[in-house]
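The sequence lines fix the lettering, A, B, ..., with proteins before strands; numbering per chain opens at 1.
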2 protein chains.
Amino acid sequence: MALSDKVTSFDIAALAGVSQPTVSRALRGDKTVSAATRLRIEAIARQLNYKVDRAASSLRKGEARTLALLFFEDPLPDDSHINPFFLSMLGSILKTCALRGYDLLTSFQQLSADWHVDYADSRKADGLILLGYGDWQLYRARVEQLVGQKTRFVRYGSVAASGGLGTVIGCDNRAGGAAVGRHLIERRRRRVAFVGEASDHYPEFRDRYRGLADALREAGLAADPGLHVDALSSEQAGYEATQRLIARGIGFDSLFAASDLIALGALRALDEAGLVVPRAVSVVGFDDIPAASLTRPPLTTVAQDYARAGAVLVDTLVRQIAGEATDHLTLPATLVVRAST
Amino acid sequence: MALSDKVTSFDIAALAGVSQPTVSRALRGDKTVSAATRLRIEAIARQLNYKVDRAASSLRKGEARTLALLFFEDPLPDDSHINPFFLSMLGSILKTCALRGYDLLTSFQQLSADWHVDYADSRKADGLILLGYGDWQLYRARVEQLVGQKTRFVRYGSVAASGGLGTVIGCDNRAGGAAVGRHLIERRRRRVAFVGEASDHYPEFRDRYRGLADALREAGLAADPGLHVDALSSEQAGYEATQRLIARGIGFDSLFAASDLIALGALRALDEAGLVVPRAVSVVGFDDIPAASLTRPPLTTVAQDYARAGAVLVDTLVRQIAGEATDHLTLPATLVVRAST
DNA sequence: CGGCGCTGTGAATACGTATGCCCTGCGCTG
DNA sequence: CAGCGCAGGGCATACGTATTCACAGCGCCG
């Protein structure tokens, strides 16, 4: 609206011949306002294109009717690129927010930054959604502070490693990893390389690795530490890690990348090394990002239900804001078999 | 922060032994506050983890220090999926917003909805960024209303077809289309099919088609209307349109898809029809979405500089909010040759 | 040595909404 | 017919900040 002619509830009141509080009550649907009066007020409000001033309303009510979405990740060189898996959730998060009557503030931060304090303290948002892969040491400290501040928040991550810190929504990483392992064994693969941090750095990745180990054990095999290379979650990291893996000269017939981004890098490294997928090496990723179906060959991977995840994140946070106690939730992880295995 | 113990500027004032206005002045860096007082206040504020209440500040100052990002698109069946090209801008938009001290409200709407009125009138945001491909008839009406309301906004689109409505940032679609045409002609292609709306529906697509026609004309060729099929901007639409094109039985040796999403669908349709890319048909897209380098074969396309676009959109809007008059800006479009041609 | 201007701060207030409390009138009951 | 209850709506106020104005003290110049 033009800055000059801001329409307020007083303007409506004057035109309707009532007081300002009556306008406020009428528009919020308060039953103490007679239907006739309410209709009259609503008509005038519509005509003047009146909208409740959000700042004034927030100030008075002490709530922002806004959630904050925080993407974060480890400090990486290639900035301003958000992990496509988390980006995929954005659509359903936005949709669910709209459904619940909340706006969404979005931000993208390095995990090392001080994002954790700002939003709740300044009352910009009533709650936080945390989305990202990052160093658990750093992440944990931030999350602890949120808990200490009594900030309402939900995060997507490893339910198994929640550490009692807040409410966690996540997929069943361990079962997903096990499904990958069983699938590779079915395909007569015995020497499975794992590319990705399997330490505490990313609890999700560690769970996936454990799932793989579970499946190998079931089949009477053991995970060979020589076939594990660390990698952060990026295409470049996956590429470099796979090069290191190949350079070791330890034979492997299949490769489980802890995320699809890593898998993309692995495919590139294998291609450059002349290792044909899936003939020489079967490759499996995790996440089922949109790109996974487009690689050469299309990538077998584990799908997380990001649409449902987004909706659940929002709904859980909203319930928390309403004062309910909320529980963790583990969503299924589904193996999607494509031509890379 | 816990709801119970909200820290206000009065608390700081009491501890510092000054009045509330002095706290406000000190924290905003007003020079009338002595350095000693300011340092004392800052120390206490930090210690109490005080943050300026956004709602109160907005109400008093009449500005939200917030921009609203609106993704929109034609009503399509597969909802909650945002066009990857526009999604790619999100990172640089977020980064630039942070740099300029603005928060970003994000929303995803069908073009037919009434998104255009809410944000500015309710003072939720100081300005709007419009991102999407949509029916120009509908879009134009919305944009006109924004202009009528004197809302500050910028949009990404066709500068050529700006219609004098607001400030438009866009890439040089016509030059990009011409580059595609020349490239195909260099590759000895003469019968270029165009898949995508070339009418007023999407002005960007029309510009691309005109660029193609420019290049054909330069080479003494004419665009064959029989080789043009309409398609909205989605993979599915591209797939179906390409099937229709093939069914026509009019020979073509190359295909220019008005967007990469359409190109993805075209590749699928060509593959199913047994037409080998690029041997039988060269394929070119537009946008250079992340997926473009992953298709089989990797897609030749026209890259838009989305990182720069995002930054320019924010900066332009910020200048507009500051009261400056802002101009359209056309960014370069760069042909990226890959294996599909 | 008195007044003037400057520096630093306090007092008062406005931003627009939402809500607790009070008041008025009308209908109904005893 | 008096009193009571309730529906409908007005009055006053609070939310926390930022700004305008007023004012006190001090140094300095004439």
Side-chain angles (χ1 to χ4, degrees), chain A residues 1-42 44-45 48-66 101 120-124 126, chain B residues 1-42 44-45 48-66 101 120-124 126:
Chain A
M1 204 49 156
L3 305 167
S4 43
D5 52 353
K6 168 86 180 165
V7 181
T8 73
S9 50
F10 284 96
D11 300 328
I12 312 286
L15 286 170
V18 297
S19 68
Q20 177 271 331
T22 300
V23 173
S24 174
R25 280 189 276 254
L27 296 177
R28 326 210 82 252
D30 189 315
K31 279 146 288 173
T32 71
V33 177
S34 72
T37 309
R38 179 167 46 75
L39 290 174
R40 189 156 33 98
I41 288 174
E42 284 172 349
I44 297 174
L48 294 195
N49 205 15
Y50 168 79
K51 300 280 183 246
V52 172
D53 183 295
R54 195 54 164 275
S57 177
S58 288
L59 177 59
R60 174 64 231 241
K61 298 211 288 184
E63 64 170 35
R65 273 271 141 186
T66 299
D121 285 341
S122 65
R123 288 240 183 106
K124 288 196 278 196
D126 303 320
Chain B
M1 203 46 150
L3 303 168
S4 42
D5 52 354
K6 167 88 179 161
V7 180
T8 74
S9 50
F10 284 96
D11 301 328
I12 313 285
L15 286 170
V18 296
S19 68
Q20 176 271 330
T22 299
V23 173
S24 175
R25 280 190 279 252
L27 296 178
R28 326 210 83 252
D30 189 313
K31 280 146 289 172
T32 71
V33 177
S34 71
T37 309
R38 179 166 45 75
L39 290 174
R40 189 156 36 99
I41 290 173
E42 283 172 350
I44 296 173
L48 294 194
N49 205 15
Y50 169 78
K51 299 281 182 243
V52 172
D53 184 297
R54 194 52 163 276
S57 177
S58 288
L59 176 58
R60 173 63 232 244
K61 298 211 288 183
E63 64 169 36
R65 273 273 143 184
T66 298
D121 284 342
S122 64
R123 289 242 183 104
K124 287 195 278 197
D126 302 319

Quiz item: Does A:Thr22 place a side-chain N or O at less than 4.0 Å from the phosphate oxygens OP1/OP2 of D:dG9?
Solution: no

Quiz item: Nearest-Å distance, NZ (A:Lys31) to P (D:dA7)?
Solution: 12 Å

Quiz prompt | Side-chain donor or acceptor of B:Arg65 paired with backbone N/O of B:Arg54 under 3.5 Å | solution = no

Quiz item: So which nucleotide from D:dA18, C:dG16, C:dA18 ends up closest to the side chain of B:Gln20?
Solution: D:dA18

Quiz item: Within the side chain of B:Arg123, is there an N or O that forms a donor-acceptor pair under 3.5 Å with the backbone of B:Ser58?
Solution: no

Practice problem: Take the protein atom CG of A:Leu27 and the nucleotide atom P of D:dG9, then report the distance between them rounded to whole Å. | Solution: 14 Å

Quiz item: Counting side-chain heavy atoms from CB outward, which of C:dT17, D:dA18, C:dC15 is closest to A:Tyr50?
Solution: C:dT17

Practice problem: Provide, to the nearest angstrom, the distance between the CZ atom belonging to A:Phe10 and the P atom belonging to C:dA18. | Solution: 11 Å

Quiz prompt | Distance, nearest 0.5 Å, that separates OG1 of A:Thr22 from CZ of A:Arg40 | solution = 9.5 Å

Exercise. Would you indicate which nucleotide in C:dG10, D:dT17, D:dG9 comes nearest to any side-chain atom of B:Val18?
Key: C:dG10

Practice problem: Provide, to the nearest angstrom, the distance between the CD1 atom belonging to B:Ile12 and the C1' atom belonging to D:dA18. | Solution: 16 Å

Practice problem: Return the value, rounded to whole Å, for the distance between atom CZ of B:Arg54 and atom C1' of D:dC15. | Solution: 17 Å

Practice problem: Have a look at B:Thr32 and say if it touches a base, only the backbone sugar-phosphate, or nothing, with a 4.0 Å heavy-atom cut-off. | Solution: base

Quiz prompt | Comparing B:Asp53 and B:Pro21 on DNA chain D - which has the more 5′ nearest nucleotide | solution = B:Asp53

Exercise. Could you please name the option among D:dC15, D:dA18, D:dG9 that lies closest to any side-chain atom of A:Arg60?
Key: D:dC15

Quiz prompt | Closest nucleotide among D:dG16, C:dT9, C:dG16 to the A:Ala56 side chain | solution = C:dG16

Self-check item: Rounded distance in Å - CG (A:Leu59) to P (D:dA18)
Solution: 12 Å

Quiz item: Considering heavy-atom distances to DNA chain C, does B:Arg40 or A:Val52 have its closest nucleotide positioned more toward the 5' end?
Solution: B:Arg40

Quiz item: Are side-chain heavy atoms of B:Ile12 and B:Leu27 found at a separation under 4.5 Å?
Solution: no

Practice problem: Would you indicate what A:Val33 reaches in the nucleic acid, counting non-hydrogen atoms under 4.0 angstrom: base, sugar-phosphate, or nothing? | Solution: sugar-phosphate

Quiz item: What closest approach, in Å, do A:Tyr50 and A:Thr8 show between heavy atoms, and which atom pair accounts for it?
Solution: CE1-C, 3.6 Å

Practice problem: Answer yes or no: is there a donor N or O on one side and an acceptor on the other, between the side chain of A:Arg25 and the main chain of A:Asp30, under 3.5 Å? | Solution: no

Quiz item: Considering only heavy atoms and no angle criterion, is a donor-acceptor pair shorter than 3.5 Å present between the side chain of A:Arg38 and the base of D:dG9?
Solution: no

Practice problem: Would you mind reading off the distance between A:Arg65 atom CZ and C:dT17 atom P, rounded to a whole angstrom? | Solution: 18 Å

Practice problem: Verify the contact: side-chain N or O of B:Ser9 to OP1 or OP2 of D:dT17, cut-off strictly under 4.0 Å; return yes or no. | Solution: yes

Exercise. Give a yes/no on whether any side-chain N or O of B:Ser58 is located under 4.0 angstrom from OP1 or OP2 of C:dC15.
Key: no

Quiz item: Looking at D:dG10, does its base get a donor-acceptor pair with the side chain of A:Arg25 below 3.5 Å?
Solution: yes

Practice problem: Have a look at A:Thr8 and say if it touches a base, only the backbone sugar-phosphate, or nothing, with a 4.0 Å heavy-atom cut-off. | Solution: sugar-phosphate

Practice problem: Please state whether the phosphate of C:dT17, meaning OP1 or OP2, lies under 4.0 angstrom from any side-chain nitrogen or oxygen of A:Ser57. | Solution: no

Quiz item: What is the distance from CG of A:Asp121 to P of D:dG16, rounded to the nearest Å?
Solution: 14 Å

